[in-house]
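Please find one structure pasted underneath; my questions will follow.
Side chains included, hydrogens not; waters and symmetry mates left out as well; all remaining heavy atoms used.
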Amino acid sequence: MQTLIQDQEIPWSDIEPGIQRKIMAHNDQMMLVKVNFVQGAIGTLHHHPHTQASYVSKGKFEVSISGVKKILQAGDVYFVPSHEIHGVICLEDGELIDVFNPAREDFL
């Protein structure tokens, strides 16, 4: 397991139009992922058994969790309990730092 990780060593993966992701670090219990969005990109509504905490490191997003919507910008955080339906719309080019517990095996 890598413990000291440099951003430039990890390539971006295209996951949807206007959205790229980097899996920065993970073990079985936790995963940290950077997700880059261009303005207008949509992280479609979905759910999963993982608990998720997301930090808005850049930009502005409309975040929806279980039908409740709020505009979040750089410095803000949202928390998604297990199985809650959630998604985002990128209002200004931005980046999210997502933490999942346990790790998202479907990302590996």
Side-chain angles (χ1 to χ4, degrees):
M1 171 177 42
Q2 206 173 0
T3 57
L4 300 171
I5 299 146
Q6 294 182 304
D7 182 62
Q8 71 271 13
E9 293 179 353
I10 301 171
W12 288 102
S13 298
D14 294 326
I15 57 170
E16 291 184 35
I19 304 174
Q20 295 180 308
R21 135 173 102 211
K22 284 188 185 193
I23 299 171
M24 300 301 295
H26 69 90
N27 63 16
D28 292 342
Q29 293 81 37
M30 183 173 29
M31 175 179 277
L32 186 128
V33 179
K34 289 175 77 172
V35 189
N36 189 51
F37 290 78
V38 297
Q39 184 175 358
I42 298 172
T44 56
L45 291 172
H46 65 286
H47 64 89
H48 44 72
H50 313 82
T51 299
Q52 175 180 341
S54 296
Y55 173 75
V56 181
S57 60
K58 299 178 194 170
K60 186 182 288 187
F61 294 84
E62 178 185 271
V63 180
S64 175
I65 301 173
S66 297
V68 177
K69 295 180 182 180
K70 194 165 200 174
I71 305 296
L72 299 180
Q73 58 191 356
D76 295 336
V77 171
Y78 63 93
F79 184 83
V80 185
S82 179
H83 298 289
E84 294 291 319
I85 296 173
H86 61 285
V88 301
I89 299 172
C90 183
L91 303 176
E92 294 176 3
D93 289 354
E95 180 181 78
L96 299 175
I97 308 298
D98 295 337
V99 177
F100 298 98
N101 178 11
R104 295 281 307 259
E105 289 183 18
D106 56 322
F107 284 10
L108 300 174

Open item on the list: Quick one, Asn101 and Met30 - any side-chain contact, counting heavy atoms below 4.5 Å?
Closed with: no
Task: Contact summary for Leu45 and Gly87, nearest pair of heavy atoms - done: CD2-N, 3.6 Å
TODO: Could you list the residues that satisfy salt bridge (Lys or Arg N to Asp or Glu O under 4.0 Å) with Arg104, not counting sequence neighbours?
DONE: Asp106
Task: Sub-6.0 Å ring centroid separation between His86 and His46 - done: yes
- [ ] Mind listing the closest non-hydrogen atom pair of Glu84 and Ile65 along with its distance?
- [x] CB-CG2, 4.3 Å
TODO: Specify the closest pair of heavy atoms between Gly94 and Asn36, including all atoms of both residues, with the distance to one decimal.
DONE: O-OD1, 3.3 Å
- [ ] Tell me, please, which residues at least two apart from Glu62 pass salt bridge (Lys or Arg N to Asp or Glu O under 4.0 Å).
- [x] none
Open item on the list: I'd like to check Ile19 versus Val35 (side-chain heavy atoms, cut-off strictly below 4.5 Å). Are they in contact?
Closed with: yes
Open item on the list: Quick test of your reading: applying ring pair (Phe, Tyr, Trp, His ring centres under 6.0 Å), list the pairs with at least one residue in residues 12-42, sequence neighbours left out, ordered by first then second residue.
Closed with: Phe37-Phe61
Distance-only donor-acceptor pairs under 3.5 Å for side chains of residues 74-83, two or more places apart:
unit_1 : atom_1 : unit_2 : atom_2 : d
Asp76  : OD2    : Gln73  : N      : 2.9
Ser82  : OG     : Pro49  : O      : 2.6

Open item on the list: List the residues meeting ring-ring contact (aromatic ring centres under 6.0 Å, His included) with Phe100, not counting sequence neighbours, and say none if there are none.
Closed with: His48, Phe107
TODO: Apply salt bridge (Lys or Arg N to Asp or Glu O under 4.0 Å) to Lys34 and list each qualifying residue two or more places apart in sequence or on a separate chain.
DONE: Asp7, Glu95
